[in-house]
Amino acid sequence: MRTRPLKVALLGCGVVGSEVTRIMTTHADDLAQRVGAPVELAGIAVRRPDRVRAGVPAELITTDATALVKRGDIDVVVEVIGGIEPARTLITTAFRHGASVVSANKALLAQDGAALHAAAEQQGVDLYYEAAVAGAIPLIRPLRESMAGDKVNRVLGIVNGTTNFILDRMDTSGAGYSEALDEATALGYAEADPTADVEGYDAAAKAAILAGIAFHTRVRLDDVYREGMTEVTAADFASAKKMGCTIKLLAICERAADGQSVTARVHPAMIPLSHPLASVREAYNAVFVEAEAAGQLMFYGPGAGGSPTASAVLGDLVAVCRNRLAEATGPGESAYTRLPVSPMGDVVTRYHISLDVADRPGVLAQVATVFAEHGVSIDTVRQQGKDGEASLVVVTHRATDAALSATVEALRRLDTVRGVASTMRVEGE
């Protein structure tokens, strides 16, 4: 084993960074054996140096992140500060000074992954980011390496623990959205400002990363269709239960049937209780992968938190350090297919539509005519009336999202339709 240590610079020492420091310190001997050389933490860049950080050596703390990554003796930079800047500049600076990078920065990778990969390749260094998607769940490396010889057609998953916790509570306890969010906040699953989670921005960034890797094409955050889950109600869950379904916020990445395009989207959806993702509870994540040769695979586990995310970071760190010793690099960006990303309107989906209608003869025929005029076939209809008012629940067969949206707008214009109570896509059939 080589005696000269590989030196690591850590950018950020919050929940994840502190746990990375702890593991590197307490398991230093094991890491050295696994890598083939000692792995030494050479510096930790933070914004607030006076903050108490239990178990973090004070002599390693610095506020000058730029100077740290410019040191000529740094082998690997671990970036866990998040956001676009200064993370992007620090990472590219690290590349220029010969350091490989391990990152957990989903937002940056979803926005500028192609440029970062190109910068790493130009300098002959690594860019690894297992921790950017689904915490401790091994997902990036299986898609990028283990399934490199297969053809992935679909990736369907729960990739945000906060929203899964909220929806799970609404499903199992009957709580409303606000009550479930308050519980998630009290338990530390939701941030003080939960917008990134509940409006789907976090999941959309992860979907962009997964789609790019799965389909060997470039997918940016702006390419991902996004809907949040703040409008999901107890009535939606009641309707889902009558269909034998539950509701999840899903990231869905698909290759078109003709293989000429891909789609990436995030939105709430009803899924059958028989689907493996329906049983994913609390703040857990799970990703369902469908490939041509491997068939159906499911990856499940804790998708966030200090220890799970640090586990993924350390896995990448070991791999990158091994590459440094071998004077080699691991796989970089694979975007050879150059497939376009189709807009949401072209995506083929199913809809669950709940209508409040007048309870009189001919209403169902009017509604059915609207569906027929827009080329949307009806799968099932359920109607219940009382005192001159009725509720009508329609589940469609698969059609383009544009056709389904146009159908809903036409239904709103019917004088017999009092209102569209809710619409939701149905997945996983």
Side-chain angles (χ1 to χ4, degrees), residues 82-84 87 104-113 132-135 155-171 175-211 219-237 240 246-253 263-271 277 280 282-287 303-305 309 341 343-345 347 349 351-352 401 405 408 420-427:
I84 305 302
N105 196 331
K106 55 187 171 287
L108 178 58
L109 289 159
Q111 178 173 305
D112 290 322
V133 180
V155 180
L156 172 76
I158 298 163
V159 295
N160 183 276
T162 299
T163 54
N164 199 57
F165 180 90
I166 293 170
L167 292 172
D168 184 42
R169 280 292 184 270
M170 292 176 70
D171 185 21
Y177 167 75
S178 296
E179 295 171 284
L181 174 59
D182 288 344
E183 184 179 357
T185 303
L187 293 172
Y189 293 132
E191 301 287 346
D193 179 1
T195 302
D197 294 322
V198 300
E199 294 295 350
Y201 292 100
D202 174 86
K206 296 169 181 176
I209 295 170
L210 290 175
V219 180
R220 288 171 48 89
L221 180 58
D222 292 344
D223 296 321
V224 181
Y225 174 83
R226 175 198 56 79
E227 282 181 26
M229 43 75 68
T230 57
E231 301 300 318
V232 177
T233 66
D236 292 325
F237 275 102
T246 189
I247 299 171
K248 299 292 186 181
L249 184 74
L250 298 178
I252 305 167
C253 311
T263 62
R265 50 196 166 104
V266 169
H267 54 72
M270 294 182 180
I271 58 172
L277 291 177
V280 179
E282 300 285 332
Y284 278 77
N285 284 192
V287 177
T309 306
V341 181
M344 186 63 193
V347 175
T349 63
Y351 259 42
H352 171 281
D401 204 76
S405 296
V408 171
V420 179
S422 68
T423 63
M424 188 171 296
R425 296 173 185 87
V426 182
E427 298 287 340

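This chain uses plain numbering: 1 for the first residue, then up along the sequence.
Annotation: the span from K106 atom NZ to L221 atom CG amounts to 11.5 Å, rounded to 0.5 Å. Put simply, OG1 on T162 and CG on L167 are 11.0 Å apart, with the number rounded to the nearest 0.5 Å. Expressed to the nearest 0.5 Å, how far CG of D168 lies from CD1 of I158 amounts to 9.0 Å. Atom OH of Y225 sits about 6.5 Å away from atom CG of D401, to the nearest 0.5 Å. We find the NE2-CE distance between H267 and M229 to be 14.5 Å, quoted to the nearest 0.5 Å. One distance of note links CD1 of I84 with CD of Q111; it measures 4.0 Å at 0.5 Å rounding.
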*asked:* I'd like to know whether Y201 forms a side-chain contact (heavy atoms from CB on, under 4.5 Å) with V266, so could you lay out the CA-CA distance, the side-chain angles of the two residues, the decisive distance to 0.1 Å, and finally the verdict.
replied: CA-CA 9 Å; Y201 292 100; V266 169; over 6 Å; no
_Stepwise side chain to side chain donor-acceptor pair (under 3.5 Å) check, D236 with T233_ = CA-CA 5 Å; D236 292 325; T233 66; 3.2 Å; yes
*Test side-chain contact (heavy atoms from CB on, under 4.5 Å) on T263 and M344 and set out the steps.*
CA-CA 8 Å; T263 62; M344 186 63 193; over 6 Å; no
_side-chain contact (heavy atoms from CB on, under 4.5 Å), that's the test. Do M424 and E227 meet it? Break it down for me._
CA-CA 11 Å; M424 188 171 296; E227 282 181 26; over 6 Å; no
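Between the side chain of N105 and the backbone N or O of A132, no donor-acceptor pair lies under 3.5 Å. Between the side chain of N164 and the backbone N or O of A283 there is no donor-acceptor pair closer than 3.5 Å. A donor-acceptor contact shorter than 3.5 Å links the side chain of K248 to the backbone of V280. Remark: the backbone N or O of D197 is not paired with any side-chain donor or acceptor of D202 at under 3.5 angstrom. In terms of modelled atom types and a separation under 3.5 Å, the side chain of T163 and the main chain of V198 share no donor-acceptor contact.
Residue G83 comes nearest to L108 through the heavy atom pair O-CB, 3.9 Å, listed as atom of the first residue, atom of the second, then distance. Taking every heavy atom of both residues into account, V159 and A251 meet most closely at CG2-CB, 3.9 Å. For the residue pair I247 and P268, the shortest heavy atom distance occurs at CG2-CB, 4.4 Å.
Under the rule for a ring-ring contact (aromatic ring centres under 6.0 Å, His included), the partners of Y284 that lie at least two apart in sequence or sit in another chain are Y300. Judged as a salt bridge (charged side-chain N to carboxylate O under 4.0 Å, His left out), and not counting sequence neighbours, the contacts of E183 are R169. Residues meeting the ring-ring contact (aromatic ring centres under 6.0 Å, His included) test with Y177, sequence neighbours left out: none.
Among L250, T349, V347, I252, the single residue meeting the side chain to side chain contact (heavy atoms under 4.5 Å, CB included) criterion with R425 is T349.
No more than 12 heavy atoms of other residues, nucleotides or ligands shown are found within 6.0 angstrom of CD on E191.
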